[in-house]
Visitor: 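Okay, handing you the structure first.
It should be emphasised that the depicted structure is a prediction, and the values quoted were computed from it without experimental measurement.
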Amino acid sequence: MLIERLNILLPYQVRRLTEEDGDEIFALQRRHPEYHALFLNHKVKKADVLSDLTSIPEGVLPENKFYLGIYDVDNLVAIADVVLNFPTSKTAWLGLIMVDYDAVGQGIGGKIIEKLKQALMRERFKQLCTLVPIESDVGSFFDAHGFLTGEEMPMGVREDGCEIVGKLKTVDLNISKWKCL
């Protein structure tokens with residue numbers, strides 16, 4: 001239902017991405033080396049980004065994982081990795097949102113976040129959460145879209161042994177707080 005709702009709400013076509021879309025996913029992601037430098041100590045490889053297609057947190061059902069491609073006609077303009085009912089029931093986790101490098105700053109990412117929030121509200125989800133690396137400057141993007149900053153949390157260890165720490169960002173999807181869907 002999530003994809004169907006997003007296709008109605010967004011002026012783009014949304015679909016689940018698969019390994020067959022690997023070249024497109026890699027082409028979009030490799031143009032964001034600053035993002036990948038937060039997690040990798042080497043130049044991003046296709047295998048690095050394709051592992052996200054199927055990686056899910058422990059205890060999550062595969063059907064709750066949505067690695068989405070957002071298309072303007074035939075052009076992949078953004079990707080979003082969403083996991084439903086994680087870390088708790090009626091909570092959605094945004095693992096990644098990335099806009100094509102040439103379209104950054106045009107409001108596409110914000111439009112996707114706002115419509116994702118609306119779609120999740122309509123499905124009666126209570127929260128949308130994400131984890132933003134503290135070394136990243138994207139925290140203000142989430143702040144601008146109603147996310148509140150929470151505690152610092154470990155995000156893993158980079159290949160060079162450096163611990164990656166993030167700040168939890170959460171937005172309340174309580175429908176009574178929103179005037180218009």
Side-chain angles (χ1 to χ4, degrees), residues 1-19 21 25 29 35 38-39 48-71 76 78-99 108-136 138-157 163-181:
M1 201 65 174
L2 177 64
I3 294 172
E4 291 84 2
R5 287 202 191 276
L6 288 172
N7 273 315
I8 292 168
L9 294 168
L10 283 167
Y12 305 105
Q13 294 80 48
V14 180
R15 68 175 177 83
R16 235 182 193 133
L17 295 174
T18 67
E19 283 191 27
D21 303 303
I25 296 166
Q29 286 207 29
Y35 170 80
L38 295 169
F39 303 99
D48 297 323
V49 298
L50 292 185
S51 67
D52 287 341
L53 281 171
T54 56
S55 69
I56 55 174
E58 187 175 326
V60 171
L61 299 172
E63 58 264 24
N64 285 343
K65 162 85 169 191
F66 292 84
Y67 197 93
L68 303 173
I70 296 94
Y71 288 83
L76 181 64
I79 54 176
D81 185 3
V82 181
V83 179
L84 302 180
N85 296 311
F86 178 80
T88 60
S89 178
K90 292 300 178 185
T91 298
W93 187 265
L94 180 63
L96 172 72
I97 182 166
M98 187 177 286
V99 175
I108 294 171
K111 191 177 290 183
I112 293 167
I113 288 291
E114 291 305 316
K115 299 308 180 184
L116 176 61
K117 289 174 7 183
Q118 288 180 15
L120 291 167
M121 278 189 276
R122 290 178 182 191
E123 294 295 324
R124 304 288 187 236
F125 278 82
K126 299 186 184 319
Q127 286 186 319
L128 174 61
C129 303
T130 194
L131 198 54
V132 177
I134 59 172
E135 295 178 19
S136 169
V138 299
S140 60
F141 167 81
F142 289 101
D143 296 343
H145 292 283
F147 286 75
L148 301 175
T149 302
E151 62 188 278
E152 287 188 4
M153 300 176 70
M155 293 182 74
V157 178
E163 184 177 354
I164 307 162
V165 178
K167 287 236 180 202
L168 182 65
K169 298 271 187 178
T170 305
V171 65
D172 184 7
L173 300 176
N174 184 343
I175 200 162
S176 65
K177 290 187 176 188
W178 299 86
K179 293 180 180 165
C180 178
L181 291 179

Visitor: Please tell me if the side chains of V138 and Y35 come closer than 4.5 Å, counting only heavy atoms from C-beta onward.
Guide: no
Visitor: Between L168 and M153, what is the shortest heavy-atom contact and its length?
Guide: CB-SD, 4.0 Å
Visitor: Do the side chains of K111 and E114 get close enough for a salt bridge, i.e. N-O under 4.0 angstrom?
Guide: no
Visitor: Quick check for you: to the nearest 0.5 Å, what is the distance between L128 atom CG and F147 atom CZ?
Guide: 4.0 Å
Visitor: Can you name the residues that form a salt bridge (Lys or Arg N to Asp or Glu O under 4.0 Å) with D48, not counting sequence neighbours?
Guide: none
Visitor: Can you tell me how far the CZ atom of F86 sits from the CD atom of E58, to the nearest 0.5 Å?
Guide: 10.0 Å
Visitor: Under 3.5 Å, is there a donor-acceptor pair between the side chain of N7 and the main chain of V14?
Guide: yes
Visitor: Which atom pair, heavy atoms only, marks the closest approach of V171 to H145?
Guide: CG2-O, 4.1 Å
Visitor: Once rounded to the nearest 0.5 Å, what's the spacing between atom CD of E63 and atom CD1 of I56?
Guide: 8.5 Å
Visitor: I113 and F142: side chain to side chain contact (heavy atoms under 4.5 Å, CB included), yes or no, with the steps?
Guide: CA-CA 9 Å; I113 288 291; F142 289 101; 4.2 Å; yes
Visitor: Within the 4.5 Å heavy-atom criterion, are T91 and K126 side-chain neighbours or not?
Guide: no
Visitor: Within a reach of under 6.0 Å around CD of E135, are more than 12 heavy atoms found that belong to other residues, nucleotides or ligands?
Guide: no
Visitor: Write down the atom of P154, the atom of E163, and the distance for their closest heavy-atom approach.
Guide: CB-OE2, 3.6 Å
Visitor: Would you call K65 and D81 a side-chain contact if the rule is heavy atoms closer than 4.5 Å?
Guide: yes
Visitor: State, to 0.1 Å, how close L10 and I112 come at their nearest heavy-atom pair, and which atoms those are.
Guide: CD2-CA, 4.0 Å
Visitor: Can you tell if the side chain of L84 reaches within under 4.5 Å of the side chain of L61, non-hydrogen atoms only?
Guide: no
Visitor: Please give me the minimum heavy-atom distance between Q29 and L96, naming the atom from each residue.
Guide: NE2-CD2, 3.7 Å
Visitor: Is the closest side-chain heavy-atom distance between T149 and K169 below 4.5 Å?
Guide: yes
Visitor: Using a cut-off of 6.0 Å, state whether more than 12 heavy atoms not belonging to E19 lie near its atom CD.
Guide: no
Visitor: Roughly how far, to the nearest 0.5 Å, is CD1 of I25 from CG of L76?
Guide: 7.5 Å
Visitor: Within the 4.5 Å heavy-atom criterion, are Y67 and T18 side-chain neighbours or not?
Guide: no
Visitor: How long is the straight-line distance from CD1 of I70 back to CD1 of I97, given to the nearest 0.5 Å?
Guide: 6.5 Å
Visitor: Yes or no on side chain to side chain contact (heavy atoms under 4.5 Å, CB included) for W93 and V60, after CA distance, side-chain angles and deciding distance?
Guide: CA-CA 11 Å; W93 187 265; V60 171; over 6 Å; no
Visitor: If every non-hydrogen atom of R15 is compared with every non-hydrogen atom of I3, which pair is closest and at what distance?
Guide: CA-CG2, 4.3 Å
Visitor: To the nearest 0.5 Å, tell me how far L53 CG sits from L17 CG.
Guide: 7.0 Å
